[in-house]
Amino acid sequence: MGLSLIIVYFKWKFLKTNDPHYNKATHFWMRIFALNFAMGVVTGIPMEFQFGTNWAKFSELTGGIIGQTLAMEGMFSFFLESSFLGMFLFGEKILGHRWHFVTGLLICLGSWASGFLIIATHSWMQHPVGYEMLANGKFVLTNFSALFTNEWLWPSYLHNQMASMVTSSFVVAGIGAFYILLNKNVSYGKLFLKTGVVFGLISSIIVAMPTGDLLAKNVVKHQPVTFAAMEGIFHTEKKGAEIVLIGQPDVKDKKLDNKIAVPNVLSFLTYGNWDTEVKGLDQFAIDKHPTNISGLYYAYHIMVGLGTLFIGVMLLAAFQLTRNKLFQTKWLLCAFMFLMPFPYIANITGWYTAELGRQPWLVYDLLRTADGASPTVSSGNTLFTLMGFVGLYALLGMLFAILVGKIIYHGPEPVKK
């Protein structure tokens, strides 16, 4: 999703400047985008089928609500994105540059709309609104607009989209650094690196403030037990809560080992007051606690730690860029290449935080995960299909890496010998 916006930017710059470098950059990245899109299709469609296979009871009970947004995502956003992708890839000569730009913009809008509708589904599971529960346990939608005005939705969506921008920015900047260090396609390397730093600096800051902050405040307001587990607060801190930088949760003894913490900062970040009480896990019934407190704690802190690192690297790179020294700072170029996989890790741990934090609920505080599974699907069947998908996706992942590697090796244009 983030890459689609960068591609639109390159095409727009070509229309403004008529510099062929921007158009060739567009072609280069749209080939990589197309491969990512193909991988998204073969991984995303089986996930939607799992609503009917592995989560039949969940689908039966909540289909009247989540079916709305998921159907809209497939019918409107996905079709919009996929319909214009072929035109964007192969229709430039027929369409002309202006209409080629329009098709790219529609692809971008389609991908971002897909994200919005999927996050709308997820947000309803985190904070259900606009529903009525019937006597048979089924949920029915009573207020369609509530799905899209859910206070959980917009912070989650913008946080997710900016995280996607951070990922794309580091990949674009990392490949740019690779070309500069290799002394190959250097003009494109400088263009990619500069673009990645500008987009990356803006998005990495927005991921933290305001979107991450607003999302954390939603967790405090609607899922306080989740917030306590995320921060490793086993006992209520009545006179202000410390923020833990490093620590290992000991769930059995209800404490954090080897912690490094800053007093009262968490209370200030959460409530704007240094001495405000923050509830611990001891204030909630055991059956309401997240089922994997350690996993939730580590996922959250890895995400936050990497996000902080990204801001620092992008600030430093932007500073060097303003001094016209970024392209000569080899250690920073190497750092961009090294960091390319880490936004993916941050995104995965971010989703781990969201999903582990909601447990033991599928629909928070209304439908438990154990009550949403398909009653006729055995654990053996689930394990067998999981192993099959893992093997298939590993194979596809290797093929994807080889194809992307070839695109990067050849570069935006052939190197003159």
Side-chain angles (χ1 to χ4, degrees), residues 54-55 57-58 61-62 121-129 131 133 137 139 150-152 155-156 159 212-261 264-267 269-271 276-305 348-373 379 382:
N54 293 6
W55 301 100
K57 194 65 179 178
F58 171 66
L61 296 177
T62 66
T121 308
H122 175 263
S123 296
W124 184 84
M125 295 167 66
Q126 295 281 6
H127 179 55
V129 293
Y131 71 94
M133 185 183 290
F139 296 84
N150 188 344
E151 64 179 307
W152 199 283
S156 298
H159 187 70
D213 179 62
L214 290 172
L215 192 51
K217 284 180 168 60
N218 267 339
V219 176
V220 173
K221 181 179 178 180
H222 300 291
Q223 299 181 10
V225 63
T226 300
F227 184 75
M230 285 164 49
E231 294 288 356
I233 304 172
F234 289 96
H235 304 283
T236 299
E237 301 188 18
K238 296 183 180 295
K239 296 183 179 180
E242 61 190 9
I243 189 167
V244 178
L245 305 179
I246 297 175
Q248 299 86 48
D250 182 346
V251 178
K252 182 179 178 181
D253 294 328
K254 297 180 175 55
K255 64 177 183 176
L256 285 176
D257 293 329
N258 308 311
K259 69 178 180 180
I260 300 175
N264 297 73
V265 172
L266 185 61
S267 289
L269 292 175
T270 306
Y271 297 105
T276 302
E277 173 184 301
V278 176
K279 291 182 179 180
L281 289 167
D282 59 339
Q283 296 293 307
F284 305 93
I286 299 273
D287 64 347
K288 298 291 183 73
H289 288 192
T291 51
N292 186 350
I293 293 173
S294 295
L296 173 59
Y297 171 88
Y298 283 121
Y300 174 68
H301 281 79
I302 290 171
M303 175 192 69
V304 171
I348 291 169
T349 53
W351 275 105
Y352 267 49
T353 301
E355 297 304 303
L356 291 176
R358 195 181 64 246
Q359 299 305 313
W361 308 97
L362 273 174
V363 181
Y364 192 77
D365 213 21
L366 295 173
L367 177 64
R368 286 185 173 267
T369 303
D371 298 327
S379 59
T382 304

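Remember, predicted model here, so these are calculated numbers, not experimental data.
In this structure a side-chain-to-backbone donor-acceptor pair under 3.5 Å is present from W124 to V129. Looking only at distances, a side-chain donor or acceptor of N218 sits under 3.5 Å from a matching main-chain atom of E151. A distance-only check finds no donor-acceptor pair linking the side chain of D253 to the backbone of K255 [under 3.5 Å]. Panel note: side chain H127, backbone Y364; no donor-acceptor pair is recorded below 3.5 Å. Remark: side-chain polar atoms of T291 are not paired, donor with acceptor, to backbone N or O of P360 under 3.5 angstrom. Side-chain N or O atoms of E277 include none that pairs as donor or acceptor with a backbone N or O of T236 at under 3.5 Å. Remark: side-chain polar atoms of K217 are paired, donor with acceptor, to backbone N or O of L269 under 3.5 angstrom.
Of all the heavy atoms in Q126 and Q223, the pair that sits closest is OE1-NE2, 2.8 Å. Heavy-atom minimum distance, D250 versus F234: O-CZ, 4.1 Å. Scanning both residues, D371 and L367, for their nearest heavy atoms gives CB-CD1, 3.9 Å. G137 and L61 get closest at one heavy-atom pair: O-CD2, 3.6 Å. Nearest heavy atom pair, residue V278 against residue S267, reads CG2-OG, 3.6 Å. Contact detail for M303 and G350: the closest heavy-atom pair is SD-CA, 3.4 Å.
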Check the pair D365 / K288 against side-chain contact (heavy atoms from CB on, under 4.5 Å), numbers first and verdict last. CA-CA 8 Å; D365 213 21; K288 298 291 183 73; 3.7 Å; yes
Walk me through whether Y300 and E231 qualify under side-chain contact (heavy atoms from CB on, under 4.5 Å). CA-CA 8 Å; Y300 174 68; E231 294 288 356; 3.1 Å; yes
Intermediate values then yes/no, side-chain contact (heavy atoms from CB on, under 4.5 Å), K254 and D282: CA-CA 9 Å; K254 297 180 175 55; D282 59 339; over 6 Å; no
As a quick check of understanding, evaluate side-chain contact (heavy atoms from CB on, under 4.5 Å) for T270 and T276, giving each step before the final call. CA-CA 9 Å; T270 306; T276 302; over 6 Å; no
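Counting heavy atoms of neighbouring residues, nucleotides and ligands inside a 6.0 Å radius, atom NZ of K57 does not exceed 12 of them. The environment of F284 atom CZ is dense: over 12 non-hydrogen atoms of other residues, nucleotides or ligands sit within 6.0 angstrom.
One distance of note links NZ of K238 with NZ of K279; it measures 10.0 Å at 0.5 Å rounding. Atom NE2 in H122 sits 11.0 Å away from atom CG in N150 (nearest 0.5 Å). To the nearest 0.5 Å, atom CD1 of residue I243 and atom CD1 of residue I233 are 9.5 Å apart. Taken to the nearest 0.5 Å, the NE2 atom of H301 stands 10.0 Å off from the OG1 atom of T353. One distance of note links NE2 of H235 with CD of E237; it measures 10.0 Å at 0.5 Å rounding.
Under the 4.5 Å side-chain criterion, counting only non-hydrogen atoms from C-beta, L362 is not in contact with T62. In this structure, V363 and Y131 have side chains that are not in contact, with every pair of non-hydrogen atoms separated by 4.5 Å or more. Looking at heavy atoms from C-beta onward, Q248 lies out of side-chain contact with Y297 at the 4.5 angstrom threshold.
If you run side-chain contact (heavy atoms from CB on, under 4.5 Å) between H289 and each of V251, V225, L296, T226, only V225 comes through.
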